[in-house]
Protein chains: 2
Amino acid sequence: MTRKSEDAGRSTIRDVAARAGVSASTVSRVLGGMYPVSSATRTRVMRAVRDLDYVADARAKAVAGVATPTLAFVLEDITGPSFALMAHGVEREATRLGHLCLVCSTEGDVQNELEFVEMMRAQRAAAVILVGGAADTAEYRDRTRRMADSLASAGSRLVLCGRPPLGPGAPVTVIEYDNEGGAYALVAHVLAQGHRRVLFLGGKSDHTTAQGRERGYLAAHRARGLEPDPDLVRHGDFTRDSGHRLMRGALKDELEFTAVVAATDMVAAGALTALHEAGVDVPGDVSLAGYDDIPFARDLHPALTTVHVPYEELGRLAVRTALGRTPENSDQHLLLGTHVVVRNSVVPPRESGGAREAASLG
Amino acid sequence: MTRKSEDAGRSTIRDVAARAGVSASTVSRVLGGMYPVSSATRTRVMRAVRDLDYVADARAKAVAGVATPTLAFVLEDITGPSFALMAHGVEREATRLGHLCLVCSTEGDVQNELEFVEMMRAQRAAAVILVGGAADTAEYRDRTRRMADSLASAGSRLVLCGRPPLGPGAPVTVIEYDNEGGAYALVAHVLAQGHRRVLFLGGKSDHTTAQGRERGYLAAHRARGLEPDPDLVRHGDFTRDSGHRLMRGALKDELEFTAVVAATDMVAAGALTALHEAGVDVPGDVSLAGYDDIPFARDLHPALTTVHVPYEELGRLAVRTALGRTPENSDQHLLLGTHVVVRNSVVPPRESGGAREAASLG
DNA sequence: CTCCGCTCGGGAACCGGTTGCTATCCATGT
DNA sequence: ACATGGATAGCAACCGGTTCCCGAGCGGAG
């Protein structure tokens with residue numbers, strides 16, 4: 001009868017006070033715990049709190065100066081495995097540090113991003129983490145710079161996570177991974193197996209992540225004194241469907257190659273399926289490599305050789321750095337390492353063969 | 001010089017008022033837009049707002065009665081593909097409806113869940129969405145019921161999404177999908193191909209989602225007058241590693257079967273890899289089916305026959321229903337359909353053969 | 001028997017907004 | 001010329017908390 005029968009909506013601290021026969025200040029103090037209160041009073045108050053199922057309004061507390069620290073992260077689409085990994089890292093670390101965690105997916109729309117950052121400023125979020133590559137245009141830098149300043153002047157902080165850094169002096173924390181280096185190492189590995197015509201299935205050509213991986217591809221060739229045939233690099237996006245489409249196109253064009261390097265594991269997965277559909281054996285006829293080392297990579301058949309990116313760690317680091325209190329490290333820029341993980345999808349080429357013959361036999 | 005030179009932290013509405021030479025009320029009104037203000041005043045105020053880069057504190061607004069609607073969802077681990085899909089649906093629909101979106105992953109810890117729900121109550125979230133199966137114990141019902149009441153009395157709402165429903169009368173919205181039905185249809189399909197010994201790789205035996213799928217497996221057999229060999233159902237969890245381990249175990253035990261039904265696509269992926277490793281051909285020697293229809297399922301080789309679950313729609317519906325204003329539909333319970341999607345991993349069994357012989361030959 | 005200091009609780013101001021009520025100004029209508 | 005009223009802007013109260021400051025009661029020391 002007593003317990004929670006008198007709901008009728010959220011109760012205030014004054015309701016509790018009235019029920020306990022004390023003042024609101026006293027309730028606040030026993031809940032705060034940092035103030036001497038007689039145990040009799042404490043008991044009465046606690047009882048009233050339980051009876052009313054009272055929880056102090058976090059927004060009101062915030063206004064009064066006792067904020068619930070909050071942090072936001074925005075990505076394009078949480079559905080992508082590598083994004084999900086980062087999100088997980090961010091979320092874990094944030095809650096470990098006692099922060100609430102707001103998400104927003106922009107679906108690639110700049111306008112959404114802008115609006116969301118504005119909301120976060122209104123929420124007085126401790127930090128806003130922008131995740132994932134983007135086109136590095138002047139407009140991008142300008143816009144992002146403005147967000148950074150705006151956030152900074154509100155006592156908040158912008159974090160760029162795997163996203164093109166701004167010029168120096170911007171109040172921004174940047175966490176990246178060695179994107180180009182990973183691609184370089186991977187392609188070097190493929191080349192070392194003896195492949196000479198390796199097809200590159202890239203992403204959008206203005207997307208910095210895609211660019212970095214393509215640069216690695218080129219650099220690895222040049223380091224061996226090779227100049228890759230321009231016909232061998234094709235552009236799409238980072239989706240599974242793009243890999244499938246691009247691969248089918250390459251097959252139809254009767255392009256000659258003995259290995260394929262995909263810009264992401266998703267692209268590789270699509271490409272692999274297209275290869276299977278065309279009757280091309282992987283890695284027998286054609287070797288295949290991916291990028292990201294998403295959990296699924298090892299369950300592809302053959303298990304995918306790829307480059308490991310510490311996505312979850314990236315996310316964790318992003319929040320730890322953003323929330324790091326030391327003021328001297330204000331404009332940090334971190335770079336995490338990547339490494340290739342060798343599985344079964346890349347082997348030396350046959351003396352003769354490759355995609356063209358395999359497909360025409362199929 | 002003028003612009004944003006006078007940062008020094010967030011500015012208040014009174015700063016803006018002072019700079020524009022008006023009162024705080026006036027600033028509030030021009031920002032609110034719903035009150036007649038002379039255009040001269042409006043201009044001065046807007047200019048001050050821009051100069052100071054002012055954004056009203058959302059928490060203060062909330063206290064004053066103009067809340068930013070917020071909604072929370074909590075899941076075990078956003079890294080799982082089906083969870084990610086639901087998260088995406090939730091997030092999309094929430095922002096479409098103008099809500100902010102808080103996340104929390106519990107890592108399976110009940111304590112975390114409880115604490116988070118309490119925070120959400122303090123935040124006055126419009127709804128809290130609990131995602132993913134759980135053990136349906138008395139303790140679970142009791143605890144969840146308590147959360148529901150607590151939230152309800154604070155004017156909020158608990159949504160159970162793919163999670164065991166409470167008894168009637170609980171102030172809860174439940175969104176489920178036809179878990180057992182999907183499994184039934186899938187196993188019926190496998191049986192219809194002629195398989196008689198089908199191995200079931202299940203999840204935790206107290207987990208309701210796992211139970212539902214297992215019930216479907218059993219029911220499909222019985223509908224045909226078959227009683228499956230108890231040795232053919234094995235329990236693990238819903239991870240890729242579990243599938244791998246279970247499959248290896250079954251192979252080592254020289255269990256006889258011609259088809260495998262995995263409780264999730266992840267489990268199927270692990271099992272498939274184990275099968276490949278043992279030199280068993282899929283679907284030649286053994287057929288394989290999964291559950292969830294995660295995007296990756298069709299890039300497995302062979303492309304995985306599985307049952308499609310409308311996860312994203314589930315998430316969208318969860319928020320739409322939770323936020324649905326009609327008060328008559330207070331204790332809603334929705335059930336979404338599932339359907340099997342036939343790909344290449346299930347074919348009729350060979351006259352003789354199956355896993356045992358294939359493995360011993362390999 | 002005072003006086004002092006400590007413990008404990010209440011009143012009121014404040015946080016950063018919103019909004020009801022009121023006062024002023026100015027342009028009409030007659 | 002005066003009443004009338006619409007358009008604007010300001011004052012002050014309020015939202016739900018926290019905390020500063022102060023006073024009351026009480027026990028021990030001098």
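The figures that follow rest on heavy atoms only: side chains count, while hydrogens, waters and symmetry mates do not. Every chain is numbered from 1 and lettered A, B, ... according to where its sequence line falls, protein lines coming before strand lines.
Positionally, the nearest nucleotide of DNA chain C for T41(A) lies more toward the 5' end than for the other of T41(A) and R29(B).
Using a 4.0 Å heavy-atom cutoff across all strands shown, T12(B) reaches sugar-phosphate atoms only and no base atom. V63(B) comes within contact range of at least one nucleobase, with a heavy-atom separation under 4.0 Å. Residue-level contact check: T26(B) touches the backbone only, with heavy atoms under 4.0 Å from sugar-phosphate atoms and none from bases. Residue S28(B) is in base contact, counting any heavy-atom pair closer than 4.0 Å across all strands shown.
Nearest nucleotide to the side chain of A64(B), out of dC15(D), dA12(C), dT18(D): dC15(D).
Using a 4.0 Å cut-off between charged nitrogen and carboxylate oxygen, D57(B) and R10(B) do not count as a salt-bridge pair. Of the charged side-chain nitrogens involved, none lies within less than 4.0 Å of a carboxylate oxygen, so that R19(B) and D15(B) do not count as a salt-bridged pair.
Axis angle, first five pairs versus last five pairs of the helix from dC1(C)-dG30(D) to dT30(C)-dA1(D): 60°, rounded to 10°.
Not a single donor-acceptor pair, N or O on each side, falls under 3.5 Å between the base of dG17(D) and the side chain of R59(B). No N or O donor and acceptor, one from the side chain of Y35(B) and one from the base of dA7(D), sit under 3.5 Å apart.
Sorted by first and then second residue, the salt bridge (charged side-chain N to carboxylate O under 4.0 Å, His left out) pairs with a member in residues 159-176 of chain A read E113(A)-R163(A); sequence neighbours excluded.
Between the T106(A) side chain and the C104(A) main chain, no donor and acceptor come within less than 3.5 Å of each other.
Between V159(B) and the choices V128(B), I175(B), V90(B), the side chain to side chain contact (heavy atoms under 4.5 Å, CB included) rule is met once, by I175(B).
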